[in-house]
Student: 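Attaching a single structure in structure tokens format; questions to follow.
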Amino acid sequence: MTERPDLPKLQRRLAEFAAARDWQPYHTPKNLVSALSVEASELLEIFQWLTPEESSRVMADPDTAHRVTDEVADVLAYLLQLCEVLGIDPLTALAAKIERNEKRFPVGGEGGADGGAASLQ
């Protein structure tokens, strides 16, 4: 079985891949965010007209599962490259965000199980 890669190794591989092709001048925060948005839109396109039930079964079709997996990888690649360029540790940023959300949306708080959606209506 292949060893599961860790985040720092993946970020290094992405940086080395870009460096070997002299792409660093193009990897500005603006360009990386734009590319991230495009890739996220390509992922959205797969789900756009599916019902909630169909979207839950999207990985059952091998061709669609392959497309979804590729687009998720593209989104993650650009996000990791953006974090690298901006000096953000993505796991630390995520842990801090979860902690803030746990305080902002306590269990049994006003938002309830719908995550506060009812209060937006």
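Nothing fancy with the numbering, it's 1 onward along the sequence.
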Student: Would R67 and D63 satisfy side-chain contact (heavy atoms from CB on, under 4.5 Å), going step by step from the backbone distance to the final call?
Tutor: CA-CA 6 Å; R67 289 177 53 218; D63 290 336; 5.8 Å; no
Student: Do the side chains of E99 and K103 get close enough for a salt bridge, i.e. N-O under 4.0 angstrom?
Tutor: yes
Student: Nearest 0.5 Å please: distance from the CG atom of L36 over to the OG atom of S41.
Tutor: 9.5 Å
Student: Do the charged groups of E16 and R21 touch, with an N to O distance under 4.0 Å?
Tutor: no
Student: Does L50 share a hydrophobic cluster with L43, counting links as ILVMFWY side-chain heavy atoms below 4.5 Å and allowing steps through other members?
Tutor: yes
Student: Should we count CZ of F47 as having more than 12 external heavy atoms under 6.0 Å?
Tutor: yes
Student: How far apart are the C-alpha atoms of D6 and K9, what are their side-chain angles, what is the distance that settles it, and do they pass the side-chain contact (heavy atoms from CB on, under 4.5 Å) test?
Tutor: CA-CA 6 Å; D6 65 12; K9 284 182 187 175; 2.9 Å; yes
Student: In Å, rounded to the nearest 0.5 Å, how long is the span from CD of Q11 to CD of E84?
Tutor: 5.0 Å
Student: Assess the residue pair L7 and L91 against the criterion (side-chain contact (heavy atoms from CB on, under 4.5 Å)); give the C-alpha distance rounded to whole Å, side-chain angles, the decisive distance to 0.1 Å, and a yes or no.
Tutor: CA-CA 9 Å; L7 216 47; L91 295 181; 3.3 Å; yes
Student: Could you give the distance from CD (Q81) to CG (L86), rounded to the nearest 0.5 Å?
Tutor: 12.0 Å
Student: Grab the two heavy atoms, one from E39 and one from D74, that are nearest each other, plus how far apart they are.
Tutor: OE1-OD2, 3.2 Å
Student: Applying side chain to side chain contact (heavy atoms under 4.5 Å, CB included), name anything that partners R57, two or more places apart in sequence or on another chain.
Tutor: E53, E54
Student: For the residue pair H27 and N31, confirm or rule out a side-chain donor-acceptor distance under 3.5 Å.
Tutor: no
Student: Any idea which heavy atoms bring A93 and I88 closest together, and the distance?
Tutor: CB-CG2, 4.0 Å
Student: Does F17 have R13 sitting over its ring (NZ/CZ under 6.0 Å from centre, angle to axis within 45°)?
Tutor: no
Student: M59 vs V68, test: side-chain contact (heavy atoms from CB on, under 4.5 Å). Steps then yes/no.
Tutor: CA-CA 8 Å; M59 298 305 282; V68 169; 3.9 Å; yes
Student: About how many Å separate CD1 of I46 and OG of S55, when rounded to the nearest 0.5 Å?
Tutor: 12.0 Å
Student: If we check side-chain contact (heavy atoms from CB on, under 4.5 Å) with P90, which of these qualifies: L79, L80, L82?
Tutor: L80
Student: When you measure from the side chain of S37 to the backbone N and O of V33, does any donor-acceptor pair fall under 3.5 Å?
Tutor: no
Student: Is Y26 reachable from V85 through a run of I, L, V, M, F, W or Y residues, each pair having side-chain heavy atoms under 4.5 Å apart?
Tutor: no
